Amino acid sequence: MNIEEQIELLMQGTEYGDEDLKKAMTAELRERLIFAGKEGRPLRVYCGYDPTSTDLHLGHTISMRKLRQFQDLGHDVTFLIGSYTALVGDPSDKNKARPILTEEKVAENAETYTEQAFRVLDPVKTKIRYNGEWLSKLTLVDLIRLGQNFTVQQFLARDNFANRLEKGEPIYLHETFYALMQGYDAVAMQTDIQVGGTDQLFNIIVAGRKLQEALGQKPLVGIITGILPGTDGAQRMSKSTGNIVPINSGANDMFGKLMSVPDSAMGIYMRLVTRWGPQEIEKIEKDVDSGEFHPRDAKMKMAGEITSIFYSDDEAKAAQENFIRTFQQKEIPDEMPEFDLQPGQTIVGVILAAKLAGSKSKARALIDQKGVRLDGEVLERGDAVFPHPGVLQVGKRRFLRVK
RNA sequence: GGGCAGUUACCCAAGUGGCCAAAGGGGACUGACUGUAAAUCAGUUGUCAGAAGACUUCGGAGGUUCGAAUCCUUCACUGCCCA
């Protein structure tokens, strides 16, 4: 791959919110790549992760995909665990202050986090470091010196702070430390390239670069990846909005969730999550536009590609077949949870016991709405004794084999 | 430290003594339509009861009243202004 092709790939799916900034970063990236080629030294690339949760979803993997692209091009990638920054809680992606985690919890989370991350990254080529390594050594004086590089106005200009200020919501002082700490990470690792989401724009472009410059280093190049919308296609994928595609919930589930993503979000999913490069993606989009490729089939291809990143190719293929059978041909899926019927148990009782509804009222409502079927027959009376063993379907996608 | 305002269901938000299980919106769920897409239409959304109805809920605790989300006291939390 020549330099321009590398740049095209590495800038795929980036989002700077400002053309000039993007141009500047592209130019600096080019400069670095040329430099690296001449010196014969790989670029030092990192992305930081706060192990605040352990259930990773597709949104978490975007920056990992980007790191992987650097890895595949032979660069030196560090997976930085924000053991110390997690203690503060990043204000960037929330409009509320985050609860502070304990050190034990952070260590515990880090383990499951990296294990999942290595489905995207190359484990052999990845360095893992913890930012507590250097942040724990900073003294109050050091912190004050770091703080001298920034003004309060710069912080207040950030979207999430400005919003909260306007809405009259609290902004805690310690939240402003976060950017300083992250900027110092870049200094401590003598970073060439830092990868992060648009929510990290300030932390990367302002804090990291400024501190490096102040401390006599060449300011890093920020690769700012776009935000992945959730399965609703609109809001950012996040656990609290409930629109996530978890990476650990099985191939069938992943495939199905990806198929439920609106068409409008396909482009960004392809750019941010798949292993495909710019040419492949453009071809798919062109064929869909011209009507040669049915959007549904394009989405299936995408869902298959993504599923096979996290599971084996065979599992991905099986998930696709299962999807076609269940939803396109309306047959029952080959795998579903099982339930042992107790004598005398009512229909509502079974739904409740199998946790297909949260309360009796909800279960009754589902039955009233004709949302409950047994072997394809709509069940009318919830209080009746469960008629006979069979496949119970609640809503469109929940199945239960009652024995 | 002082003054003022606020805290309502998953979220936003109306409600200022009975007609309040609590308007409206969002979200979620179900059905129709479909490509399990989007859009659209109809419905559901505290718990229990087959219906009538009963019970628990409006930041926490206590009180006034026949009756409180609404009034009083107190505590906690948040914001704004002043220092």
Side-chain angles (χ1 to χ4, degrees), chain A residues 94-99 156 161-173 175 229-245 250-270 284-285 287-289 291-304 306-307 319-333 336 346-349 351-352 355-374 376-385 392-399:
Chain A
K94 281 229 173 183
N95 291 329
K96 280 181 185 156
R98 254 196 200 169
L156 292 183
F161 283 153
N163 286 346
R164 281 199 267 164
L165 198 58
E166 196 179 320
K167 282 198 202 155
E169 283 166 7
I171 300 169
Y172 291 91
L173 192 57
E175 294 181 68
T231 49
D232 57 357
Q235 281 183 284
R236 178 202 174 112
M237 185 176 288
S238 107
K239 203 171 181 177
S240 54
T241 32
N243 57 2
I244 63 170
V245 181
N252 281 344
D253 184 64
M254 178 176 273
F255 195 96
K257 286 229 165 70
L258 287 166
M259 285 307 288
S260 76
V261 167
D263 293 0
S264 56
M266 274 172 63
I268 193 152
Y269 268 70
M270 290 194 283
I284 292 173
E285 290 185 326
D287 291 348
V288 168
D289 280 347
E292 266 175 66
F293 202 11
H294 193 292
R296 180 197 56 223
D297 297 332
K299 204 187 287 177
M300 263 200 222
K301 185 174 166 151
M302 178 199 85
I306 295 175
T307 306
Q320 173 158 348
E321 279 159 18
N322 179 65
F323 177 84
I324 292 173
R325 191 166 47 246
T326 310
F327 296 108
Q328 268 175 256
Q329 300 171 4
K330 309 252 186 221
E331 288 173 20
I332 58 170
M336 67 181 89
T346 60
I347 295 169
V348 166
I351 293 175
L352 211 55
K355 297 199 168 77
L356 295 173
S359 69
K360 277 196 185 182
S361 306
K362 297 232 166 76
R364 281 220 179 81
L366 285 169
I367 290 163
D368 287 347
Q369 290 169 121
K370 304 194 192 308
V372 179
R373 290 184 200 86
L374 179 63
E377 299 277 312
V378 174
L379 295 175
E380 304 278 355
R381 289 205 313 277
D383 296 311
V385 171
L392 184 73
Q393 183 179 3
V394 176
K396 273 182 198 144
R397 57 190 82 178
R398 281 166 293 168
F399 293 88

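Chain identifiers are assigned alphabetically (A, B, ...) following the order of the sequence lines, protein sequences preceding nucleic acid strands; residue numbering begins at 1 within each chain. All values reported here derive from a predicted model rather than from experimental measurement.
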Undergrad: Nearest whole angstrom, please: distance from the P of B:U45 to the NZ of A:K362.
TA: 10 Å
Undergrad: Could you tell me how far B:A22 sits from B:A69 if I compare only their P atoms? Round to whole Å.
TA: 13 Å
Undergrad: Once side-chain hydrogen bond (donor to acceptor under 3.5 Å, both in side chains) is applied, do any residues pair with A:E331, and if so which ones, sequence neighbours excluded?
TA: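 With sequence neighbours excluded, A:E331 shows a side-chain hydrogen bond (donor to acceptor under 3.5 Å, both in side chains) to no residue whatsoever.
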Undergrad: Please measure how far the P atom in B:G17 lies from the corresponding atom in B:A83, and state the result in whole Å.
TA: 38 Å
Undergrad: Got A:I351 and A:I367 here, is their nearest side-chain heavy-atom distance under 4.5 Å?
TA: yes
Undergrad: Taking the side chain of A:K299 as heavy atoms from C-beta outward, which of B:U44, B:U30, B:G35 is closest to it?
TA: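 Of the candidates, B:G35 comes closest.
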Undergrad: Identify whether any heavy atom of A:G256 sits under 4.0 Å from a base atom; if not, whether one sits that close to sugar-phosphate; answer base, sugar-phosphate or nothing.
TA: base
Undergrad: Rounding to an integer number of Å, can you tell me how far A:N243 CG sits from B:A37 P?
TA: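 These atoms are roughly 17 Å apart.
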Undergrad: For B:A37, take OP1 and OP2 only and decide whether either is under 4.0 Å from a side-chain N or O of A:S260.
TA: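 Indeed not, no polar side-chain atom of A:S260 lies that close.
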Undergrad: Specify the separation, in whole Å, of atom NZ of A:K370 and atom P of B:U44.
TA: 14 Å
Undergrad: Between the base of B:G31 and the side chain of A:Q369, is one N or O donor paired with an acceptor at under 3.5 angstrom?
TA: no
Undergrad: Return a table of donor-acceptor pairs under 3.5 angstrom between the side chains of residues 255-269 of chain A and protein atoms on other chains or two or more places apart.
TA:
| from | atom 1 | to | atom 2 | distance (Å) |
| --- | --- | --- | --- | --- |
| A:K257 | NZ | A:D253 | OD1 | 3.2 |
| A:K257 | NZ | A:D253 | OD2 | 3.2 |
| A:S260 | OG | A:K257 | O | 2.8 |
| A:D263 | OD1 | A:K299 | NZ | 2.9 |
| A:Y269 | OH | A:P229 | O | 2.8 |

Undergrad: Given B:C29, is OP1 or OP2 found less than 4.0 Å from the side-chain N or O atoms of A:K396?
TA: no
Undergrad: Classify every nucleotide of nucleotides 49-56 of chain B by which part a protein heavy atom approaches to under 4.0 Å, writing B for the base, S for the sugar-phosphate alone and - for neither, in 5'-to-3' order.
TA: SS------
Undergrad: Considering every strand shown, what is the Watson-Crick or G-U wobble mate of B:A61 when both distances are under 3.5 Å?
TA: B:U73
Undergrad: Starting the side chain at C-beta, find the nucleotide from B:U47, B:C29, B:G35 nearest to A:S359.
TA: B:U47
Undergrad: Is A:Y172 near enough to B:G79 that one of its side-chain N or O atoms lies under 4.0 angstrom from OP1 or OP2?
TA: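 So the side-chain polar atoms of A:Y172 never come under 4.0 Å of the phosphate oxygens OP1 or OP2 of B:G79.
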